[in-house]
Asks: 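If you scroll down you'll find the structure; I have some questions about it.
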Amino acid sequence: MQEFDTSRDEEADIVESDKPAKTGVLLRSLLKRLVVFICFGPGVLGVLWIIGRVFKR
């Protein structure tokens, strides 16, 4: 017997009038993208180097 994932996405449960919850999901999504960028992108040292270059100017 197979089991299926029947859970829904967090974005689907949010009502349009519920701004704080929508903002929380947006921030969580951005944080996930940032973590993926750091892990599979330039790495921690590369991100720190980019931040240093931005603040140096």
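Remember, predicted model here, so these are calculated numbers, not experimental data.
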Asks: Are V35 and L27 grouped together when hydrophobic residues (ILVMFWY) are joined by side-chain heavy atoms under 4.5 angstrom apart?
Replies: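 V35 and L27: separate clusters.
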
Asks: Count the heavy atoms of every other residue, nucleotide or ligand shown that sit under 6.0 Å from CG of L45, and state whether that count exceeds 12.
Replies: no

Asks: Give the intermediate values and the outcome of side-chain contact (heavy atoms from CB on, under 4.5 Å) for residues L48 and V44.
Replies: CA-CA 6 Å; L48 291 175; V44 175; 4.1 Å; yes

Asks: Is I51 reachable from I38 through a run of I, L, V, M, F, W or Y residues, each pair having side-chain heavy atoms under 4.5 Å apart?
Replies: yes

Asks: Membership question, hydrophobic clusters at under 4.5 Å side-chain separation (ILVMFWY): are V36 and V47 in the same one?
Replies: no

Asks: P42 versus W49: any side-chain heavy-atom pair under 4.5 Å?
Replies: no

